[in-house]
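See structure below.
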Amino acid sequence: MIELKNVSFSYDSHDTASQLQHIDLTIQDGETVLLCGESGCGKTTLTRLINGLIPHYYDGHLEGQVLLDGQALAALPLYDIARRIGSVFQNPRTQFYNVDTTSEIVFGCENMGMPVPEMQRRLENTTRALHLENLLNRSLFALSGGEKQKIACASADAIQPDIIVLDEPSSNLDIAAISDLTKVIRHWQVSGKTIVIAEHRLYYLVPLADRIVYLKDGRIARIFTRTEFQSLSPQHLSEMGLRALDPFRLTPQAESDTNDATLHLQDFSLAYEKRGPNVVDIPALTLPQGAIIGIIGHNGAGKSSFARCLCGLDKHAQGILTMNGQTYTTKQRLLLSYLVMQDVNHQLFTEDVLDELLLSMDGRNEATDKEKARAILHDLGLSDREQRHPMSLSGGEKQRVAIGSAIASNKQLLVFDEPTSGLDYRHMLEVAHELQTLRAMGKTLFIITHDPELIYQCCTYLLFIQNGRVLWHSPMNDEGCQRLHAFFTDAQATVHDAK
C-alpha cells in the first residue's frame, strides 16, 4: 500500500535535525509499523511524508518517490489523501476545529460533503466502536488529555480511512488513558487498517506491532520483527537511545533524603466554582524539604490543580505553606515558586531560545546571565537552538526550553508538570540529571509525571493524589516502591487486558 523509494527530505529552514536520507520502506495492507529512535532521528518527518503533509504543507527539498497504491502522493490533492489516510497528532488540540466533541468527530465527514444521514451513521459507528458515549456533546475545553486524544482518534476513525498515522499519541497520557488508546489501536487492527505510529513509549506498542523500524540520524538503521525486538536486552535498548520495554520494575537511582527540614501545608483547598466541590482538599501535609517529590495519580485526579495551588497561581486557592520557619500565603508563594506547565506553549514568549531563559533571570548582570543561560542550554542539549524561535522547535525541545527557564529562575520551589512528555530516553536522562543538580543546590522539586522511568531515575519521595486528596505519601524506600509498583501494576493490567 505504501512505498518509499530512495526518499530524502530536508526542510527549507536548513535544520539538519529531522531530515531523512535514502529511505526505502514498504508497508503492506493491514500492517502495524512502529517507528522509533531518538528525538531528531526523522520519525515525525517520515509520518508527514506518509500522510501527505510533506510536501503539501511543509516545504523542503524532496527526492525519491512516496507512493500510495502505486500513485505518487505528491501528485494527489490533500482532500483525496484525507479520504485514505487519517492522522492523530502528538497534541490533539492542534487538529481541533470545533468547540464541542460531536461536531469535531464529524468535521472531516462534513468537509467531504457527506449527506447528513451518512455522517450520523458514521458518528454512531465510531461512538459505539470506541466507547465514546459519555464524551458526546461535551466541550472540548473541559476534557482531560486522554479524553482529547480519544476525540482525535474518533475524528480519524469517522472518515473510515484505510491508513491511520499517529505521531507520539501517548505523550500526555497516563497509563489508564494509554490502556484506552491500546484498545482503539487493537480495534483498528481487527478492522484491517494499516497503522503507522511514531512513538518513544514502547512497552504498550511493541506487542501490537508487526514490525519496528529503528531510525538513526535520518536513516533506517534496522527493521525488527516483534520477536527480534522483544529479545533485545535493556542495556541494548538504552544504548540505542530507546525507552524500556518493562519500565515498571526498575531500581531507584537517587540517594535517599538526609535533610531533616520539612515543608508543611495547612488547609490547602481550591474550588473553581462558588459552593462547588473542592478540586484540592488537603487539611494538613508535611513533606521533606530539598527532595524531588514525584506526584502520581490518574488524569483528572487534581495533580495540576494542586500544583497551581502550591505556586499561588489561582486566586481561588486557599492555604498556608510553612518553610524554614516562615509562612507563605497563596499570593506570597508567587515569588517563591516556578511552574513548568504541561503545555509549555503557554509559557514561551520571546523571539529566540536564549532570550527565553534570560526572561527568567533577574537581569542585574547581562553578561553573567548570558553565560549562565548558555551553560544551561548546553546541559539540556540545546546549544544549537540558541537563536531559534521557541515556537519553531519540536515538542520535546520546547519542553527542555521551559525546563531551562525554570532552572534559570533560581526559585526555591520548582514544580514540573509532565517534564518528560515527548522526550526520548537520552533526553529523559538529561532532564533527570538537571533535576538532581537542582536538588543538590537545595531546591525542593515537585514532579507531576506518568513516566515511571523518570520516577525511578530521580525521585526521592512520592505523593499519590486522588480526587484532590492525598491518599498516601512515602519516601522511595522499599515500602514506597511497593506502593508505586502496585499503582503501575493495577493500571498496566488494564493495558494487558486490552491486547
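Given the structure is predicted, the values throughout are model-derived calculations rather than measurements. All values below come from the heavy atoms of this structure, side chains included, with hydrogens, waters and symmetry mates left out.
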Parallel, tilted or perpendicular for Phe224 and Phe229, by the 30°/60° rule?
perpendicular

Using distance alone, with no hydrogens and no angle criterion, decide if Asn91 and Thr94 have a side-chain donor and acceptor under 3.5 Å apart.
no

Can we say Arg121 and Glu118 salt-bridge, meaning some charged N sits less than 4.0 Å from an Asp/Glu carboxylate O?
yes

Looking only at side-chain N and O atoms, does Gln95 offer a donor or acceptor that is under 3.5 Å from a partner on Ser87?
no

Are side-chain N/O atoms of Gln189 and His187 paired as donor and acceptor at under 3.5 Å?
no

Ring centroids only, cut at 6.0 angstrom: are Phe487 and His298 within range, meaning strictly under it?
yes

Would the number of heavy atoms belonging to other residues, nucleotides or ligands and lying under 6.0 Å from CD of Glu133 be above 12?
yes

Will you find, in the side chains of Thr45 and Tyr11, an N or O donor that is under 3.5 Å from an N or O acceptor?
yes

Under a 3.5 Å cutoff, is there a donor and acceptor pairing between the side chains of Arg400 and His427?
yes

Is the Lys NZ or Arg CZ of Arg48 less than 6.0 Å from the centre of Tyr58's six-membered ring, within 45° of the axis?
yes

Under a 3.5 Å cutoff, is there a donor and acceptor pairing between the side chains of Arg439 and Gln436?
no

Parallel, tilted or perpendicular, as decided by the 30° and 60° cut-offs, for the rings of Phe306 and Phe446
perpendicular

Yes or no on side chain to side chain contact (heavy atoms under 4.5 Å, CB included) for Gln347 and Ser405, after CA distance, side-chain angles and deciding distance?
CA-CA 10 Å; Gln347 58 187 128; Ser405 296; over 6 Å; no

